[in-house]
Each structure stands twice: as structure tokens, then as C-alpha cells.
There are 4 protein chains.
Amino acid sequence: MARGQRTAEAEAGRGSVPERLLRAATRLFAERGFESTSVQEVVAAAGVTKGAMYHYFGSKDDLLYEVYGRVLRMQTEHLVEISSRDAPVAERVHAAASDVIVTSIANLDDTKIFFRSMHQLAPEKQRSVRAERRQYHELFRSMVEQGQSEGVFRSDVPADLVVDYFFGSVHHLGTWYRQDGQLTGDDVGRHFADLLIAGLRPQS
Amino acid sequence: MARGQRTAEAEAGRGSVPERLLRAATRLFAERGFESTSVQEVVAAAGVTKGAMYHYFGSKDDLLYEVYGRVLRMQTEHLVEISSRDAPVAERVHAAASDVIVTSIANLDDTKIFFRSMHQLAPEKQRSVRAERRQYHELFRSMVEQGQSEGVFRSDVPADLVVDYFFGSVHHLGTWYRQDGQLTGDDVGRHFADLLIAGLRPQS
Amino acid sequence: MARGQRTAEAEAGRGSVPERLLRAATRLFAERGFESTSVQEVVAAAGVTKGAMYHYFGSKDDLLYEVYGRVLRMQTEHLVEISSRDAPVAERVHAAASDVIVTSIANLDDTKIFFRSMHQLAPEKQRSVRAERRQYHELFRSMVEQGQSEGVFRSDVPADLVVDYFFGSVHHLGTWYRQDGQLTGDDVGRHFADLLIAGLRPQS
Amino acid sequence: MARGQRTAEAEAGRGSVPERLLRAATRLFAERGFESTSVQEVVAAAGVTKGAMYHYFGSKDDLLYEVYGRVLRMQTEHLVEISSRDAPVAERVHAAASDVIVTSIANLDDTKIFFRSMHQLAPEKQRSVRAERRQYHELFRSMVEQGQSEGVFRSDVPADLVVDYFFGSVHHLGTWYRQDGQLTGDDVGRHFADLLIAGLRPQS
DNA sequence: GATGAATGAGGTTTCATTCAT
DNA sequence: AATGAATGAAACCTCATTCAT
């Protein structure tokens, strides 16, 4: 009582209040899903009170939105850098494909949340997230198209469809990947990028 | 009573009560997600009362479970038939890959529900669904392994990983495929199967 | 299937349908309380259907009412017989006190139900049961009064109060008596009757 | 808002929210029984909302549990004080017997609830209440045993049984005692204690 | 910046009972 | 005599959010 009761848990230790909230929310939303996690549970795990949460975030929805934002922004930055490299298009696509796998595995909780709970976002925020994601996809697609026009990639499969084909694998990671398994994120990234690039080679 | 109050809606018209409930639930769960759909909404769409629903289904969870079961059983049957065909392994894998895409698109609502809401199922039912899904995966994987041992498929990527790679695309369908778009389910099935098979060819 | 599924349980075996229902209801009401036992549970334990129950009993309430009736009628008959015996009043009171303990222990489930659930009965039925119970009490009280006017029992405690005092012990049996304990119903009956009679002796 | 909707009733007037809730619950549970009283009825009588109730009490069960606790604790305190008095054992037993009657009548609603609804409590809480009650009984029994070893009380009836015998009368109070009758709690306490003590005297 | 009591709408589920067969 | 599908009211409880302090 004298100094405030520190009943906090794992997340409570370090960082500012908003950081602790985001960290707790990320873990819980990934574990139980957005709708099955109550605001009470999030604030308890973060070691703060409800009032504090509503001081920093406008709503539970906002919390979800912020979780998305962080990884999405990082992945877009990576892709922008990769696509602007001075290297053959096949190499750039391979690097981009590998990178999205590696970063998704490094932030597996966010990935799970992204694909499971995006439809729970308020329409407006959903549009905003989708817009950012679309931007990512378009950049990726334009690289595929470049490869097709250079004759490095097969042209009988629409570039759009190639992107949808590959990003399914990213979605799926949250379902099967285990941090304590044998494969590192790099392993999976390399294998998946290999499978993609090989599948894209012109057919004889 | 003689008049009967037909407050029913779309789903109410045809079929038995459980059928109407499953139809309504499938549509609503796909549209809004499982947790955001109330039992009240389901029974209203089916044109029955809550009591009737609980007469046939033990819980809201049960409804979700039944939705899964139907498509899962069908896809497993298909795969069993395909894998037992007397054809080269590459052809069989192509047919299986194409089939799962085609049937997932033909039951797109169920597919959306499957991948978005499975984690909301009660643990026991979740295990049951996972077990059936695993069975499917193992059958698929064994075909890939056969191709590898025959030298038809590359062996530098674990067969397990190939299955996880491809089934991501199935997951993802619900996110981007539009029934009113230009591509039919067959188109997508063929293209995705092509990309997979090409990606699996031994690397020179 | 061929001959109807006998999923019945303990109660199902013997007796007519109404008998089986009463037996099942008595056991379940005593175990879980009237309000916490559903009609469905009663009919399942009796091995019949809900329709059958409503054929024989007008309501769930009726079931409770019948349970009461049986023991109450028996105890009243016993008391009438005992009170008309040609024996000293102290002996008759002792016999009556002992008898109500013995029969209550022999029908312990009914006793539990009686004292726990009577207030759940519909007002009309409650009045009817109370009337029968009051009749019993009055007969008992008149014996106590007779003892008082004969000078065999102390007169400084109102006879009414003596009856309320003693019947508390009957109430209470369901709370502590264990069929598998050391004391038989006869033991308890004798001891309690002894305590009562001794307490009633004129004070010097 | 400025006006505030005072739909409150009897209990609403005074005291904190939890106090008002306990007061309302005590009255209603005694009147209609625990299972026949809805949470809605309790909060309406207390003049608060359901949310407020669940802010202070974990469940409807908790409300019942708290009702028990208060009287039980008071009675135990009384007994501890009485049993430690420096007075002949017969006097102490008389005082204890009288006290439990007097306090039970002074809190007649709680007494009714206690004996009618305890079996509806969740198992864990039931154990807790039983444990406290057992403690009370043991203390009472040890006084009886002391009287027996001193030769002040008869020894042909087990002390255990004496306690069960007498506490039946406490149970029963809720059934017959009327606040507006002729007998005060003190009257009943004295008479019942007299009957008990007289019954316990060594038989010649 | 932060608290936590309080709200009130809405959630899932249970249940005694009815009635066409 | 007996069935079991269907009703509809009411039950307990949860939760995101607000607001006076």
C-alpha cells in the first residue's frame, strides 16, 4: 500500500506503460485470440490499471491496431530496401521472400494475431491496415513482374497470383512453426524462397 | 398458431432445422467471425428459436465443430482416392494440390472459418479437428516423400516443410479470393499446383 | 437398437413408471436439491422420457409433493396407532419420539427433501403439506399436555415449544446421520427419546 | 443524470453498496430461497446494477457465502467467550445453548438461509463453512464431555449425539418462530436450554 | 498521469412445459 | 401410453468503457 502494490507479472518489469501494455496484449492476443482476451487480462498482465490503459489507448481495438502497425512498418521498410538493391531480380525476390519469413518468425505472435484477428478491427482501421499491406504486396508483385518481363520468371501465372500463393506460406507460419523445433527462421526462409524461385523459373 | 410466425430470413426456407442452422452459422461465422456472431443472430437467420438450436447442438462451439467436420471429411475422402490412383507421383501430387484448392474455393466460407476460428474451439474438439487435419497432411507428405525417393522431386527441402509451404496457400484463399473475380477455382487450382510441382523439380 | 435402447440406470429396473420416477426423484432431490435437479435428469435416471413423466405427473412440483406425501402419511398412521395405545403417557411419548426418528432415518432422503425443499412447493400444495404436518404436531402436543396435566411432565415449558424443540432433532437428522456410521436408527431413536423424556420430568 | 434514477427500494437507502447488497440478499434468500431468487431481484432491491454486484462479489454464490460468514463468526466468538468463563460446566452449557438460540432468533433470516441453502454452495465454499461449523460443534461437545466426566451429566448418551440433538432445535427455529409472536428470543433460549440441561442430568 | 467503482447492454445456456403424432 | 422436437422466458455472468477524484 505504501508504495503501490506491485502485483505485476512478466510484462510488468521493464519499459514504459504503453510498451508494457503492447507487450502484454501481443502475447495474450496470440495465445487466446483477440475476442477471448479481456481488457482486464491485458492490464493485469501489464501490471497497470484499466484507467491507465484508456489513458494511452482509445480502445481495445487501438491496442490491436498498434500491434499490427509495428511489424508491418518494419517489414515494409525491409522490402523497400531490398527492392532498391542493385542486384538481379531473382536475387531480390529471393531475398524479399526470405526476409518476410524470417521477420514473421521473429515476431510470431504478431503474425498470428495479424492473420487471425484482422477481421475484428473496426472497419476504418481495417482499411488502413489493408492499405499498408496492399502497398507491400504491390511492391513485391512489381518485382515479380519485372522478372517476368525480363524472361527470368515464367509468365503463364499472373504475378498477382504468385504473390497470393507465396504469402499464404507467411500466414500459415503461426499455425505450425515452433520456436523450440529444429528449424531456425533462416532455414525456413531459405527453403521457402528456394521453392518459390524454383517454381517461377520458365517452363521448358 | 395456424398462421405461424414466419419471421424467417434467407436460410429459413429449405431443409431441416439442423441444416438451416448449419447453413446460417457457416455464412455468419465467415462474414463476421465466430466470436462476433451471437447465437441469437444465427437462430434468427435460420428462422428458428434458441431452444431449437440447443436441442440439436450442445453449444455454440458444437456448431463450429460441425461446420469444420463436413468439409474436412470431404477433402480427406478426395485425397484418399487421389493418392490411390495408378498414376505417376508427380501427377498425383498435382491432382491433390489442385483438388484441395478447388474444394476450398467451392466452400470458401468454411475455409475462412476453419483458419480464422479453429483456435476458439474447446480444447478437446480442437484436438479432434487437428487430428483429422494431421492425417490429411501425412498422406500428402507421404506422396511428396515418394516423389523424393523416386528422384522425381528435389530432396534438399524436407517433405514436412513442403506441405506446410503449400497449405499456407490454402489458408490464404479466404483472404483474397473473390467469387465474382475473373479466376475460377479450377484456374487457381491449376496455377498453384503448377507452381508447387515446378518448385519441387530437382535442381540442376 | 433392435429392441429399444435400454440406456436406463439404477432406478430403471423395477416397478411401474410412476414408481420409478418417484424413486429417481427422491434420490436426486436429496442429493442435489429440488431446484438444482432438472426434469431431464429425473427422467433419465428413471429410464423414461419427459412425455411419460408429464403423463403421470402434472408438473415437477407434483413430483416433490408426492415424495412428501408418502412418508408423511406413514408417520401419521404410526402416531395415531401409538397415541391410542393403552399405556402410560410417558411411555407413549417415548415411543412416538423414537418412532419418528426411526422412520425418518429409514427414509432419510425424503427427510432431507422435506426440510430443505418444502418452501419451493407451490403455495397451495405447501398449505396442504403444512396442514398434514400440523395435524401430526397437534397429536403429539396433546400427548405432552396430557402428561403435564397428569403431573408426569413439567409444566413450566409450553407444550407447543416442547414439540418445536424435539422436531428440530428430526429436521436435523438429514444433516449429520450417516447410514454407514456406527449408530442404527433404533439407537438414535432411543437416545433422543431418552433425552426428551428426561428433559420433561418435573423439576424439583 | 443530474436527477439520477432512483428506482431503488427498501434496502437502497443506507450503507455502502456491498452492505446494501448483503442486506437485500439476506432478506430475499430467506423469503424465497437462494435458487428462487434471481440476481436481478437482489440488485433491484439493493438499488444497484448487476455490474456493481459483480464488482464486489465474484458470484451469486459468493453472496450466500458472505451471509453465512457473518453470523457464523459472531456465534463462534460468543461460544469461545462463554466456554472460557469461570463457572460450573452446567451453567456454561446452559449459557451457550441459550446464546445460540438467542442469536439465531436475532438473525432469523440468516438462520433460515443457513439451513436451507447451504447445500447449494459450491463444494469448496461448502467445505469452508462446514469446517467453521464443525469447530463450533466440537467446542460445544467438549463442554458436554467435561460435564460427563465430572459426573454432572449423564454418560449413557454420546456427547456427539447430544450436540446433534440440540442443534436440531436451532435449525428448526426458522420454520416456526414468528417475530410477532408472544415468545421473545430470550424466552425460547431459556426454555430450550432448560430442556437440554434437564435431559442431561444423570438418571437415577 | 492514474485510479477503480460503476454502468448497462449483451452474451451463452438452461429449463419446465407443450403438442402433434 | 408415450414420444421428442420445439418453445420462450429467464437465468447467471462478462465486458468495454466512463468519470469523479
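A note on names: the letters A, B, ... follow the listed sequences, proteins ahead of strands, and every chain is numbered from 1.
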Taking for each residue the nucleotide of DNA chain E with the nearest heavy atom, is it E41(B) or P18(D) whose nucleotide lies nearer the 5' end?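 Here P18(D) is the residue nearer the 5' end.
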How do G58(B) and M53(D) order along DNA chain E: which one's closest nucleotide is nearer the 5' end?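 It is M53(D) whose nearest nucleotide is closer to the 5' end.
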In this structure, how many angstroms lie between the [atom2] atom of [N] and the [atom1] atom of [X], rounded?
X	N	atom1	atom2	result
R20(D)	dA5(E)	CZ	C1'	13 Å
D61(A)	dC15(F)	CG	C1'	14 Å
K60(B)	dG10(E)	NZ	P	15 Å
R32(D)	dA11(F)	CZ	P	11 Å
F34(A)	dC15(F)	CZ	C1'	12 Å
Q120(A)	dA16(F)	CD	C1'	14 Å
L63(B)	dT13(E)	CG	P	10 Å
E35(A)	dT12(E)	CD	P	11 Å

Between S59(A) and V39(D), which residue's closest nucleotide on DNA chain F lies nearer the 5′ terminus?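 Looking at the nearest nucleotide for each, V39(D) comes out on the 5' side.
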Reading DNA chain F from 5' onward, which residue's closest nucleotide shows up sooner: G51(A) or S38(D)?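 Comparing both residues, the 5'-ward one is S38(D).
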Need one value for [X]: base, sugar-phosphate or nothing, where a base atom within 4.0 Å counts as base even if backbone is also close, heavy atoms only.
X	result
V48(A)	nothing
S36(A)	nothing
Y56(A)	sugar-phosphate

Options dC13(F), dA2(E), dC15(F), nucleotide nearest the side-chain atoms of T49(A):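 The nucleotide sitting nearest to the side chain is dA2(E).
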The side chain of A52(D) is closest to which nucleotide in this list: dT7(E), dT13(E), dT17(E)?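 Nearest to the side chain of A52(D) among the choices is dT7(E).
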Do Y68(C) and D110(C) have side chains that get closer than 4.5 Å, going by heavy atoms?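 They are not in side-chain contact.
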NZ/NE/NH1/NH2 to OD/OE distance under 4.0 Å, R27(C) and D109(C):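 Not counted as a salt bridge, because no side-chain N and carboxylate O are separated by less than 4.0 Å.
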Residue matched to dA1(F) through Watson-Crick or wobble contacts both under 3.5 angstrom: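 Per the H-bond distance test, none.
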Checking base pairs now: Watson-Crick or wobble, both atom distances under 3.5 Å. What partners dT14(F)?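 When the pairing criteria are applied, dA9(E) turns out to be the nucleotide that pairs with dT14(F).
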The single option from V42(A), L64(A), L63(A) passing side chain to side chain contact (heavy atoms under 4.5 Å, CB included) against F57(A):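 The side chain to side chain contact (heavy atoms under 4.5 Å, CB included) with F57(A) is passed solely by L63(A) among V42(A), L64(A), L63(A).
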If we count only N and O atoms by modelled type, under 3.5 Å, do the side chains of Y65(A) and S128(A) hold a donor and an acceptor together?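 The criterion, which ignores hydrogens and geometry beyond distance, is satisfied for S128(A) and Y65(A).
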Whether [X] contacts [N] is assessed here as follows: a side-chain N or O lying under 4.0 Å from the phosphate OP1 or OP2. Is that the case?
X	N	answer
K50(A)	dG4(E)	no
Y54(B)	dA5(F)	no
H55(B)	dA6(F)	no

Can a donor-acceptor pair be found, under 3.5 Å and without considering hydrogens, that links the side chain of S38(A) to the backbone of E41(A)?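 Yes, S38(A) side chain to E41(A) backbone: donor-acceptor pair under 3.5 Å.
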Working to the nearest 0.5 angstrom, can you tell me the gap between E35(A) CD and Q120(A) CD?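 That separation rounds to 3.5 Å.
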